[in-house]
Asks: 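First the structure, then my questions, so here it is.
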Protein chains: 2
Amino acid sequence: MSTMEPRRRIPAAERRESILAAASIVFGERGYAGATTDQIATAAGISQAYVVRAFGSKETLFVEVARRAVMRIEAAFRAAVAATDGGRTVQQRLGAAYIDLIADRGILLSLLHIFSLGHDAAIGPVGRSGFMRIYRLLRDEAGLSPEDASHFLAEGMLINTVLALQLHDTGDPDALELVTQACGGDLGKFRSLAAAADG
Amino acid sequence: MSTMEPRRRIPAAERRESILAAASIVFGERGYAGATTDQIATAAGISQAYVVRAFGSKETLFVEVARRAVMRIEAAFRAAVAATDGGRTVQQRLGAAYIDLIADRGILLSLLHIFSLGHDAAIGPVGRSGFMRIYRLLRDEAGLSPEDASHFLAEGMLINTVLALQLHDTGDPDALELVTQACGGDLGKFRSLAAAADG
DNA sequence: TTGACATGTTATCAGTCGATTACTACTGTT
DNA sequence: AACAGTAGTAATCGACTGATAACATGTCAA
């Protein structure tokens with residue numbers, strides 16, 4: 001840079017968070033193998049070398065993104081279970097909580113990619129354990145039957161897919177119909193996402 | 001090779017098919033970016049250069065794998081719709097047809113990866129059009145309501161995920177419970193897959 | 001102020017990957 | 001038998017990527 005700004009120095013812990021946020025988006029868009037540490041660095045506004053050094057390796061960073069994403073979902077679901085919302089069922093509260101997560105671009109898409117890499121020796125176990133943690137939470141803490149928990153997960157996977165395919169901002173009316181159906185009519189979160197898509 | 005076998009020459013059309021079959025498996029396991037043309041070549045028993053030259057580029061090969069996978073699903077669903085099976089509903093016949101596709105390792109997993117790359121400029125449109133073709137088939141040819149079609153797709157996406165995560169051959173009883181629920185109790189196709197997993 | 005540590009970069013390396021080129025060998029036809 | 005076309009490979013190249021090392025700069029306690 002010729003016009004060198006003072007270049008703010010930021011505490012390592014805080015910097016790690018911004019790297020994780022950037023990585024979540026980039027991994028969500030391109031997948032683990034498809035994303036580069038340089039793309040993540042650019043998104044985070046730092047150099048490629050710093051991204052690698054901050055987490056040791058690309059793989060470690062990805063695993064940490066996955067861990068955080070699962071934790072975010074767990075927290076959202078626990079809050080939904082605990083909420084004593086008047087007339088709404090647990091399923092409805094859980095569904096709304098999941099839809100709310102769409103707003104945080106990257107979480108659901110990163111998970112989608114993690115879940116697709118079960119074959120990988122290093123990442124596979126992380127995906128499996130994260131997925132099963134969520135299943136057990138639905139069954140044991142939310143009190144859903146195996147059947148209901150399975151159905152709920154299925155709807156979630158469809159939302160992930162529709163989100164990844166970006167069906168929400170095509171002009172296709174059939175796609176809109178499907179997206180509407182998939183998210184239970186609540187298109188608000190998808191719309192806000194279309195505005196933010198410029199990576 | 002020191003022990004040089006006569007090395008069979010195979011017609012190009014036939015060779016293309018075996019490359020596509022190998023590519024379907026490798027792409028299904030590792031994804032588009034994660035798979036290498038050399039891995040595909042080894043799986044097909046030929047040289048890396050020949051894989052590339054046979055399809056022009058890795059991307060072209062991937063798109064062709066995707067096209068074939070969608071066509072296979074469409075054919076299976078059309079057959080299920082046309083079948084005048086005694087007491088079973090259309091949904092049941094479609095579900096069974098989808099479960100049968102698991103046996104052909106690669107199809108569903110390749111599609112999972114394609115559907116996760118909506119962000120990609122070249123592959124995204126292919127995934128979107130393939131996905132919407134399947135949705136329209138369910139709605140217009142199988143006669144499912146938008147709601148039923150959406151539910152059916154959701155169950156399919158869960159099966160894909162469970163398959164990719166390889167939850168079917170972990171010792172975890174919770175995982176087995178979930179897999180059983182996801183595939184409607186028909187675990188046979190999953191078991192045969194566990195035996196074939198040695199890549 | 002000064003020095004020690006923490007933050008961050010530039011430069012570079014070694015490995016990998018898709019693609020290209022030039023070449024070999026097989027096969028069927030006339 | 002010789003030719004022509006097809007099937008296939010070895011060798012190699014340039015681009016890219018994750019990682020490392022060496023270095024620079026900002027910050028804070030004493």
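Below, chains carry the letters A, B, ... as their sequence lines are ordered, and counting in each starts from 1.
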Asks: Taking the side chain as C-beta and beyond, is there a heavy-atom pair between A:Leu176 and A:Leu167 under 4.5 Å?
Replies: no
Asks: Between the base of D:dT25 and the side chain of A:Arg9, is there any donor-acceptor pair under 3.5 Å?
Replies: yes
Asks: Pick the closest DNA chain D nucleotide for A:Gly34 and for A:Gly56 by heavy atoms, then say which residue is nearer the 5' end.
Replies: A:Gly34
Asks: Round to a whole Å and report the spacing from CD1 of B:Ile46 to P of D:dA10.
Replies: 12 Å
Asks: Just to be sure I understand the rule, does A:Ser47 reach a base, reach only the sugar-phosphate, or reach nothing, if contact means heavy atoms closer than 4.0 Å?
Replies: base
Asks: Return the value, rounded to whole Å, for the distance between atom CG of A:Leu61 and atom P of D:dT17.
Replies: 16 Å
Asks: Classify the nucleic acid contact of A:Arg53 as base, sugar-phosphate or nothing, counting any heavy atom under 4.0 Å across all strands shown.
Replies: base
Asks: Hey, mind stepping through B:Arg136 and A:Asp172 against salt bridge (charged side-chain N to carboxylate O under 4.0 Å, His left out) and telling me if it holds?
Replies: CA-CA 12 Å; B:Arg136 290 195 193 91; A:Asp172 187 346; 2.4 Å; yes
Asks: When the distance from CD1 of A:Ile10 to C1' of D:dT27 is rounded to whole Å, what number comes out?
Replies: 14 Å
Asks: With respect to the side chain of A:Ala49, which nucleotide from D:dT9, C:dT10, C:dG8 is positioned closest?
Replies: C:dT10
Asks: Ion pair present between B:Arg139 and A:Asp174, side-chain N to carboxylate O less than 4.0 angstrom?
Replies: yes
Asks: With side chains defined as the heavy atoms from C-beta onward, is the minimum distance between A:Thr36 and A:Ile40 less than 4.5 Å?
Replies: no
Asks: Could you check how far CZ of A:Phe55 sits from P of D:dG18, rounded to whole Å?
Replies: 15 Å
Asks: Give the rounded distance in Å between these two atoms: NZ of A:Lys58 and P of D:dC16.
Replies: 15 Å
Asks: Tell me: OH of B:Tyr32 to P of C:dC17, nearest whole Å?
Replies: 14 Å
Asks: Looking only at heavy atoms, which two atoms of A:Ala80 and A:Arg93 are closest? And how far apart?
Replies: O-NE, 2.7 Å
Asks: Counting side-chain heavy atoms from CB outward, which of C:dT7, D:dA10, D:dT20 is closest to A:Tyr50?
Replies: C:dT7
Asks: Using whole Å, report how far CZ of A:Arg16 lies from P of C:dA6.
Replies: 15 Å
Asks: Regarding A:Ala35, tell me which of base, sugar-phosphate or nothing describes its non-hydrogen contacts under 4.0 Å with the strands shown.
Replies: sugar-phosphate
Asks: Just N and O in the side chain of B:Thr37: are any of them under 4.0 Å from OP1 or OP2 of C:dG18?
Replies: yes
Asks: Tell me which of B:Gln39 and A:Gln48 sits closer to the 5' end of DNA chain C, going by the nucleotide each one is nearest to.
Replies: A:Gln48
Asks: Could you state the CD1-P distance from B:Ile19 to D:dT9, rounded to the nearest angstrom?
Replies: 10 Å
